[in-house]
Each structure stands twice: as structure tokens, then as C-alpha cells.
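Every chain is numbered from 1 and lettered A, B, ... according to where its sequence line falls, protein lines coming before strand lines.
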Protein chains: 2
Amino acid sequence: MATRRTTDAPPTAQLELTEALHDFFRAARRARGRAARDPSPNGLSLAQYHLLEPLAGGPRTNRELAELAGISAPTATRMVDGLLQRALVSRVEDPTDRRAVVISLSETGRAALALKEREYESVRSRIAAAFEPHEQELATDLLRRLAAVIEEL
Amino acid sequence: MATRRTTDAPPTAQLELTEALHDFFRAARRARGRAARDPSPNGLSLAQYHLLEPLAGGPRTNRELAELAGISAPTATRMVDGLLQRALVSRVEDPTDRRAVVISLSETGRAALALKEREYESVRSRIAAAFEPHEQELATDLLRRLAAVIEEL
DNA sequence: TATTGTTATACTCTATAACTATA
DNA sequence: TATAGTTATAGAGTATAACAATA
């Protein structure tokens, strides 16, 4: 759709914002779809990255990982199952509370996480390069609002 | 001091932006999970909305819908299958090219689409209310850049 | 041969409900 | 009883590969 550029802000700006939102959500959806396919051997999907991220600071229980990633406990279990098969994490009984399990990063897992973090770093740099500091603040604000809105969408 | 700041952007702004991106994707993930359990009878998921939207302007082939939604043809077929069962669309052979199918909105489908559009309208209003007009332009710009960046994530 | 669509297959990610084991 | 985790089950959404029908 050809973007019509006028100097007056009011209605045009809102329409374009709507359209940009649309494109953004579509891109996000497509990104999730692509991420489901795992081309690289030690690659992490976005969801896996979110799950593993807290482990950089030390071992966690299944429950903790689920809560920090904002997912249900069974989902965390299932995801950890897959990561176990790829030897990215270990999962052992907690000796102090035998109901619980302790999940830790393996060296491979730590490397995979670091790689993904560098990818995020690259994304951040690209955004940072494209916007002024005060625009970055606006971006943060905007994304936070979008996240909140999505929760009730 | 190896401060390699491209601009005067304090690292805090960049870190918060990264975190906001993180929160946004987590919210989007969870939203999709919830959508699987959508209780509303004629509700549309975001993906379904993106698929049906072009139909407001008239019938389309499966191929066209897939391309416009940015998904594969089999995915479009599958999604249309579900929408057919709910009688939100119709799907008939194209008499002029019998390889193709023509997909159209039913009255119910049109209503569901309109409802979702009103929901988006509400989202837009909330965002618009939160930002000044010139900030809306920035937000539009920002979302476009984010969408582009996400495509290569 | 090229295009359109569907079917077959497979995967990730999400959830709730029911269950086991431990506290 | 309450909590941690897993298993069972279900479903959306994504993809590629193989197929049939038509142009």
C-alpha cells in the first residue's frame, strides 16, 4: 500500500499507525512461525530463549522457569524435555526437596544462549542506530503499551 | 573507558528497549496460547484476522489470501477449513479457472471481521491517546523498522 | 510444463485436567 | 492438605513434500 505523506499530522498519522501496527503484528506472527522450524543444530527459538535466559544466573526449578517465562508448568516441562535431548540443559532432583527438580545450563546450552543474546544485541544495535535516544525511550514505552494491550486483545 | 556509544544514548535506554521487546514477545506468545481456548463463538484470532482482512474488499483465491497474509498455501487451506466449519466463509470453484477456488466472507464472517476491526480501532485509540501527534509519527516509523528487523530475527 | 489447491506429515508452543510423589 | 512435577490430551498455527487437476 502506497504510503501517502502529508505534513498535517492528525488523521493521517493515526491511519498510518494502524497500518504499521498491522504490519508489525504480522511480522511478529511470521517470526514465531519461522522460529518453530529449527535449522541450526544448537539454535534457540524465541520461546526457548525466554525459558533459558534466567539460567544464565544459576540453576532454577521447573516452577521458577515457568513463572519467569510466563508459561504453565507442563509447558516448561515439555520444553525442557526437548532441550534435554539436545543436551542444552540438565535436570536433576533437588536433594533438599525431592518434589522439585533443578535445571541447569550445560556448556553447550550456555553457548547457545550466549549466541542468541548476541543476536538480540545485534537487533538492539540496529534499532539503536536507527533512532535517537529519546526515540528509544518512546519505543520502549510503545512496546510496553503494546504488550499490555495484547494481554486483553 | 571503552564506551562505544553511537549516540549519547545511556545504556539504560537500550537495556530497557531490549527488555520491552522481550516482554512484548512473551505477551504475544501467551496471547496465542490463550486464543487456542477462545470461548467466544465468532471470535477471530490475530492470524485469522490477517487472513480474512482482504476479503472485506471482495472474494479472493486461496493463493491470494496466503500471499497477503504472508503464509504458505497449505496453511491458508487449513485455516479456511476451520473458518468454513464455522460458516464464516464460503469456498467455491472459480468457474473461469477450475484450478482455483474463490473464497468469500459470509454475513457472519463479515460481522466477525468488523468486530475485530473495532477491537483494533480501540487499540489504536488507546495508543493514540497515550502519545502526542508527532510521537505517533515516530511510533509508526518505529514499528515499521521493528517489523523489518523482526523479519530477519 | 507451470500453476492452483489439497492432502499427508511433522513440528513447536500453548493450555487444562488428572495423576504421582513428597512436604 | 498443599506443593512440585509429569503425563495425558487437545488444539492452533506453522512448514515442506507429494499429489491431483487444470491451464
Could you state the CD1-P distance from B:I103 to C:dT6, rounded to the nearest angstrom? 7 Å
Measure OH/A:Y49 against P/C:dC13 and give the value in whole Å, please. 15 Å
Under 4.0 Å from OP1 or OP2 of D:dA12: is there any side-chain N or O of B:Q48 that close? no
Under 4.0 Å from OP1 or OP2 of D:dG13: is there any side-chain N or O of B:S45 that close? yes
Among Ile, Leu, Val, Met, Phe, Trp and Tyr joined by side-chain contacts under 4.5 Å, find the other residues sharing a cluster with B:L68 and list them by chain and number. none
If you assign A:A73 and B:R91 each to the DNA chain C nucleotide with the nearest heavy atom, which residue ends up on the more 5' nucleotide? B:R91
If we only count heavy atoms from C-beta on, is the A:R60 to A:L55 side-chain gap below 4.5 Å? yes
Same cluster or not: B:L113 versus B:L115, using hydrophobic residues (I, L, V, M, F, W, Y) connected whenever any side-chain heavy atoms lie under 4.5 Å apart? no
Basic-acidic side-chain contact under 4.0 Å: B:R91, B:D81: yes
Would you jot down, in residue-number order, the residues of residues 50-71 of chain B having a non-hydrogen atom under 4.0 Å from DNA chain C? B:T61, B:N62, B:R63
Can you confirm whether B:K116 sits close enough to B:E53 that some side-chain heavy atom of one is under 4.5 Å from a side-chain heavy atom of the other? no
Gap between atoms CG and C1', on A:D81 and C:dT14 respectively (whole Å): 15 Å
Closest heavy-atom pair and its distance - B:V102, B:P59: CG1-CB, 3.4 Å
So does A:T75 get a side-chain nitrogen or oxygen closer than 4.0 Å to the phosphate oxygens (OP1/OP2) of C:dC13? no
Under a 4.0 Å N-O cut-off, is there an ion pair linking B:D141 with B:R145? yes
Do A:L51 and A:L83 touch side chain to side chain, with heavy atoms closer than 4.5 Å? yes
Please round to the nearest 0.5 Å and tell me the distance separating atom CG of A:L52 and atom CZ of A:R110. 10.5 Å
A:R78 CZ to C:dT12 P, straight-line distance once rounded to whole Å: 10 Å
Once base and sugar-phosphate atoms are separated, protein heavy atoms under 4.0 Å mark nucleotides 17-23 of chain C, 5' to 3', with B, S and - as B----BS
Taking OP1 and OP2 of C:dT6, is either one under 4.0 Å from a side-chain nitrogen or oxygen of B:T77? yes
